[in-house]
Amino acid sequence: LWLRSSRFTLLVALLATALTVVGFLLSPIGGEEFKVFLNRSYAVVAIWAVAAAGQMGTQLRRTEESLKAAEQNLTLSQLEAAVFRSAGDPTQAVGPDGRIVAINAAGARVMGVSVAEAIGKKAGEMAAMIRSDGSRYTAYESVIALVLADGEERTLTNEVILRKDGNRTEVTRTVSPLLDIETGLITGVVQVTHDVTAQRQIERAKSEFLAMTSHELKTPLTAIPAAV
């Protein structure tokens, strides 16, 4: 138990066994030979018992460390899942094949489906992600495909989620790579959208108001020279 290296434990046991055998061979031959042999045998058994105990202790310690690591990972996974589910913005995790592997309630709601209906499907099967000018992305322009290919995070600020029922939600979108902790390989992406419909409506109303006010101010000024 007191030896931290299992290889060192075995090395000590083998060395002790070799010394015991050498000691027996160098013992004087006579009536006491049997007693010497028996004592040496007991010594060898004791040495290997200690070695076995050391091995068991090392293995037990490794098992405990593995269990602690697994428990920590499980706790972290549960925490991440809780944060993911409770996120206010529509959030979804997409696998390398483009299919949704996890999605929160807000993400399913913005596409007009339930969480259960969204899992395993591609986002395009439930709602289209288009540009604010109405143009659609081609397969080569797919942001998810691009992030999966190069691992670079991308943020788009003028997009619209167009549902099958015609509902439109103006959003900004950030697509980030999901990396395997051990290998560093890209295993998917996380896509977070932020509903900016109300903000865009306010901006359009402000622009329309300023345009109308500017027009009204110009009209009296053009009439003054005519009156003079």
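Position 1 is the first residue of the sequence; numbering continues from there.
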Quick one: pull up OG1 in Thr157 and CD in Glu159 and give me the separation to the nearest 0.5 Å.
8.5 Å
CZ on Arg109 to CG on Asp195, rounded to 0.5 Å
10.5 Å
Gap separating the NE2 atom of His194 from the CZ atom of Arg173, nearest 0.5 angstrom:
15.5 Å
Does some side-chain heavy atom of Arg136 sit less than 4.5 Å from a side-chain heavy atom of Leu162?
yes
Residue list, salt bridge (Lys or Arg N to Asp or Glu O under 4.0 Å) with Asp180, at least two apart or on another chain:
none
Working to the nearest 0.5 Å, report the span between OG1 of Thr193 and CD1 of Ile161.
4.5 Å
Same cluster for Val190 and Ile103 if Ile/Leu/Val/Met/Phe/Trp/Tyr side chains link at under 4.5 Å?
no
Within a strict 4.5 Å, meaning less than it, do heavy atoms of the Val171 and Met129 side chains meet?
yes
Checking the side chain of Thr197 only, and the main-chain atoms of Glu170 only, is there a donor and an acceptor separated by less than 3.5 Å?
yes
Does anything in residues 110-122 form a salt bridge (charged side-chain N to carboxylate O under 4.0 Å, His left out)? List the pairs, not counting sequence neighbours.
none
If we ignore angles and hydrogens, is there a donor and acceptor under 3.5 Å between the side chains of Glu153 and Ser176?
yes
As an exercise, state the distance from CE of Met111 to CG of Asn167, rounded to the nearest 0.5 Å.
13.0 Å
Do you know which two heavy atoms are closest between Ala108 and Ser114, and how far apart they sit?
CB-C, 3.7 Å
Is there a path from Leu179 to Val101 through hydrophobic residues (I, L, V, M, F, W, Y) whose side chains come within less than 4.5 Å of each other?
no
Restricting to non-hydrogen atoms, name the atom on Gln92 and the atom on Ala123 that form the minimum distance, rounded to 0.1 Å.
OE1-CB, 3.9 Å
Is any NZ, NE, NH1 or NH2 atom of the basic residue among Asp133 and Arg131 found under 4.0 Å from an Asp or Glu carboxylate oxygen of the other?
no
Residues Glu125, Arg99: salt bridge by 4.0 Å N-O rule
yes
Of all heavy-atom pairs between Pro96 and Thr187, which one has the smallest distance, and what is that distance?
CD-O, 3.1 Å
Would you say the side chain of Ile100 lies within less than 4.5 Å of the side chain of Met126, judging by non-hydrogen atoms?
yes
When rounded to the nearest 0.5 angstrom, what distance separates CG in Leu185 from CG in Leu178?
12.5 Å
If you define the side chain from C-beta out and look only at heavy atoms, does anything of Val160 sit under 4.5 Å from Thr169?
no
With the 4.5 Å side-chain cut-off for hydrophobic clustering, are Val147 and Ile144 part of the same group?
yes
Would you kindly confirm whether Val94 and Tyr137 end up in one hydrophobic cluster when ILVMFWY residues are joined by side chain heavy atoms under 4.5 Å apart?
yes
